[in-house]
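Read the structure below first, then the notes.
Chain letters run A, B, ... following the sequence lines, proteins first and then strands; every chain starts at 1.
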Amino acid sequence: MVEKHLLEFLEKLQFLISRNINIEHYGIEKIKRICGVDVAYKGNIGFSVAVSMDVSTEEYQYKSYSGEVSFPYIPGFLFMREAPIMMKAIEGLECDLLLVDGHGLAHPRKSGIATVIGVLLDFPTIGVAKSRLAGELITEGDIVYVYLGGQKVGVKFGRFFYSPGNKVDLQDCIDLGRRGYPKVLKIADMLTKKLKKE
DNA sequence: GCGACAG
DNA sequence: ATCTTGTCGC
């Protein structure tokens, strides 16, 4: 159980982080290497895997980290549970853009796990989630947007949600989403589950 | 009070 | 996320 005063404190940190987001166009086409990070669990042990892949050759390398995870999963506070071990797995890998399993701006306080990691590392990140956390879906033309507080904070392609973490913009999310579910995340998910079995 | 709720 | 077999559908 997590005390109310701690969550209120964490909310303040999230507002601080959200005020430090840099929304700017990156340009998906300029990416040489792309990274993806995911986590799987076996009881209270978390296994995180970060995959770095060359966009043109699809050659990839990965790094993993495992350790006890004590913070519980609380909607809106996923970063406290997974960001620490995700960042350990990412450490040392080289890439231009990092994809995080979870939301970025499409969060109640515009501070999803992809945003937290992006701001802490001062690095370009995009959150890719499998389900909605906040906001409403509005279709405009051929794009389904996630609206929150009257502004577009993400997009939905197929069954996946893409939202800016840091140093990218909605257009980058659209360009990424149109390419289908990122291979690096698929590989990271696969490795993460394989790792916890051994 | 009730429903919603990333992984 | 995880617990879990077969099964309906593209």
Quiz prompt | Nucleic acid contacts of residues 99-115 of chain A, taken as heavy-atom distances under 4.0 Å to DNA chain B | solution =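 Those residues are D101(A), G102(A), H103(A), H107(A), G112(A), I113(A).
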Exercise. Taking only heavy atoms on the protein side, list every residue of residues 183-198 of chain A lying under 4.0 Å from any atom of DNA chain B, sorted numerically.
Key: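 Within residues 183-198 of chain A, no residue comes under 4.0 Å of DNA chain B.
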Let me know the distance between [atom1] of [X] and [atom2] of [N], rounded to the nearest Å.
{"X": "E136(A)", "N": "dA4(B)", "atom1": "CD", "atom2": "C1'", "value": "14 Å"}
{"X": "L137(A)", "N": "dA4(B)", "atom1": "CG", "atom2": "C1'", "value": "14 Å"}
{"X": "I74(A)", "N": "dC5(B)", "atom1": "CD1", "atom2": "C1'", "value": "12 Å"}
{"X": "I117(A)", "N": "dG7(B)", "atom1": "CD1", "atom2": "C1'", "value": "12 Å"}
{"X": "R81(A)", "N": "dG7(B)", "atom1": "CZ", "atom2": "P", "value": "13 Å"}
{"X": "Q14(A)", "N": "dA6(B)", "atom1": "CD", "atom2": "P", "value": "14 Å"}

Is there a side-chain polar atom (N or O) of [X] under 4.0 Å from OP1 or OP2 of [N]?
{"X": "R132(A)", "N": "dA6(B)", "result": "no"}
{"X": "Y41(A)", "N": "dG7(B)", "result": "no"}
{"X": "S131(A)", "N": "dC5(B)", "result": "no"}

Just to be sure I understand the rule, does [X] reach a base, reach only the sugar-phosphate, or reach nothing, if contact means heavy atoms closer than 4.0 Å?
{"X": "F77(A)", "value": "base"}
{"X": "K130(A)", "value": "sugar-phosphate"}
{"X": "G127(A)", "value": "nothing"}

Practice problem: In plain terms, say whether D175(A) and R179(A) are close enough for a salt bridge, that is, a side-chain N and a carboxylate O under 4.0 Å apart. | Solution: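 Between R179(A) and D175(A) there is no salt bridge, as every charged N stays at least 4.0 Å from the carboxylate O atoms.
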Quiz item: Between R178(A) and D142(A), is there a side-chain N and carboxylate O pair less than 4.0 Å apart?
Solution: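 Answer for the salt bridge query: yes.
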Self-check item: Terminal contacting nucleotides, 5' and 3', DNA chain C versus chain A (heavy atom, 4.0 Å)
Solution: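 Answer, 5' to 3': dA1(C) to dT2(C).
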Practice problem: Carefully, step by step, assess R33(A) and E94(A) under the rule salt bridge (charged side-chain N to carboxylate O under 4.0 Å, His left out). | Solution: CA-CA 7 Å; R33(A) 292 193 75 83; E94(A) 300 293 326; over 6 Å; no
